[in-house]
Amino acid sequence: MSRDLFIFSSGTIKRKENTIYLETNNGERKFFPVENIDSIHLFGEIELNTKALNFFAQKNIVIHIYNYYGYYSGSYLPREKNVSGELLVRQVQHYLDEEERMYLAYSFVEGALFHMQRNLREYENTNEFVIKISQELENAKNCKSIQELMGCEGRARDVYYNAFNLILKSKFFFEKREKRPPTNPINALISFGNSLIYSTVLSEIYKTQLNPTISYLHEPRERRFSLSLDLSEIFKPLIVDPIIFKLINNNMLKDEDFDQDVNYCYLTESGRKKFLKEFDSKMETTIKHRKLGRSVSYKFLIRLECYKLIKHLLKDEIYKPLKAWW
């Protein structure tokens, strides 16, 4: 099974015949088994030449680039081979049709809130938060606009985050969600995890015929793959948040894993490596799929969500968001 490769070292990635290697700044060479690589995530300062990029394109390997603080900056997507004019037209039609768009946008919110409640039910004294989220989900059913729907989702997420201090067993305290920049360790972990799930969802969308720029919950804009934002909503509480709870509650993170000052807090390289180890393990974890009758990984569940969306757009099967049953 292909896996993602995470590179923290700095240097130059080069191609030599049918192999790819990283030549680090101290002259060490590390060769990559490209046949088994799905996507590459670059956290170090890396130089790439066109021979290497051409090779990655031949192998359909997506490259995600992260900035100094470990947050997503952009992606190199090889020339699209999975293109469908019909599906593109259907995507646009579902965006322009108000009723169709609202159905899909609500579905993404429904999946997200379901997994928030699922997480909370794992812990004691969280029932009042679960009830408040249920109320926002009921309110969402009656929304007449995307803005109203986003408001319900935002209030439900605030309730969810307010419950974090009942879940987290450590000196780390979570006051409120702050992104630009994150100002405490919990915000730093959420931002880093959400950045990873966004790029991973984008990689899975790329393997299908979906166009990642046409979305339904988030407004399509220039310079962003907003469909990845839509689908990520379902998977952030399912994948990212349990990793945060595990890292914190098992004392796997120390002060030195964070670079903190008065106005910001970021994960250091050691902190990012600890998170990525858990993230990679989570993505490869398998569950028995009820409909397919076989084991599938968390990562493949994201691809399946793309296929379900395609079926909906093509009027083959009504889309229902993933709701973890295990």
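Keep in mind that the numbers below use all heavy atoms, side chains included, and drop hydrogens, waters and symmetry copies. Just so it is clear, the structure is predicted and the values come from calculations on it, not from any experiment.
Taking OG of Ser215 as the start and NE2 of His94 as the end, the distance is 14.0 Å to the nearest 0.5 Å. With values rounded to the nearest 0.5 angstrom, Asn249 atom CG is found 8.0 Å from Phe245 atom CZ. Lys51 NZ to Glu17 CD: the interatomic distance, rounded to the nearest 0.5 Å, is 9.0 Å. The distance from the SG atom of Cys265 to the CG atom of Asp259 is 7.5 Å, given to the nearest 0.5 Å.
Using cut-offs of 30° and 60° on the angle between ring planes, the pair Tyr160 and Phe164 is perpendicular.
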Run the side chain to side chain donor-acceptor pair (under 3.5 Å) test on Tyr68 and Glu45 for me, step by step, so that the C-alpha distance in whole Å, both residues' side-chain angles and the decisive distance to 0.1 Å come before the verdict. CA-CA 9 Å; Tyr68 175 79; Glu45 291 186 21; over 6 Å; no
- Task: Walk me through it: do Gln117 and Ser134 pass the test side chain to side chain donor-acceptor pair (under 3.5 Å)?
- Result: CA-CA 8 Å; Gln117 293 176 307; Ser134 294; 2.6 Å; yes
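By the criterion of side-chain heavy atoms lying less than 4.5 angstrom apart, applied directly or through intervening Ile, Leu, Val, Met, Phe, Trp or Tyr residues, Ile40 is not grouped with Phe275; the two fall into different hydrophobic clusters.
Legend: side chain to side chain donor-acceptor pair (under 3.5 Å) pairs involving residues 195-204, not counting sequence neighbours, sorted by first then second residue: Ser39-Ser203, His64-Ser203, Tyr66-Ser199, Glu204-Lys207, Glu204-Arg303.
For the pair Leu120 and Leu166, the minimum side-chain heavy-atom distance is 4.5 Å or more. Annotation: side chain of Ile13 is in contact with side chain of Leu42 (closest heavy-atom distance under 4.5 Å). Contact check for Lys308 versus Glu305: side-chain heavy atoms found under the 4.5 Å cut-off. You'll find the side chain of Ile239 stays beyond 4.5 Å of the side chain of Leu196, heavy atoms only. In this structure, the side chains of His312 and Leu104 come closer than 4.5 Å at one or more pairs of heavy atoms. No side-chain heavy atom of Leu137 sits less than 4.5 Å from a side-chain heavy atom of Ile133. Within the 4.5 Å cutoff, side-chain heavy atoms of Tyr21 are placed close to those of Lys14.
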Tell me which donor-acceptor pairs under 3.5 Å the side chains of residues 287-296 have, and how far apart each pair is, sequence neighbours excluded?
| from | atom 1 | to | atom 2 | distance (Å) |
| --- | --- | --- | --- | --- |
| His289 | ND1 | Lys291 | N | 3.1 |
| His289 | ND1 | Leu292 | N | 3.1 |
| Lys291 | NZ | Glu317 | OE2 | 3.0 |

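Scanning for salt bridge (charged side-chain N to carboxylate O under 4.0 Å, His left out) contacts around Glu138 gives Lys141, with sequence neighbours left out.
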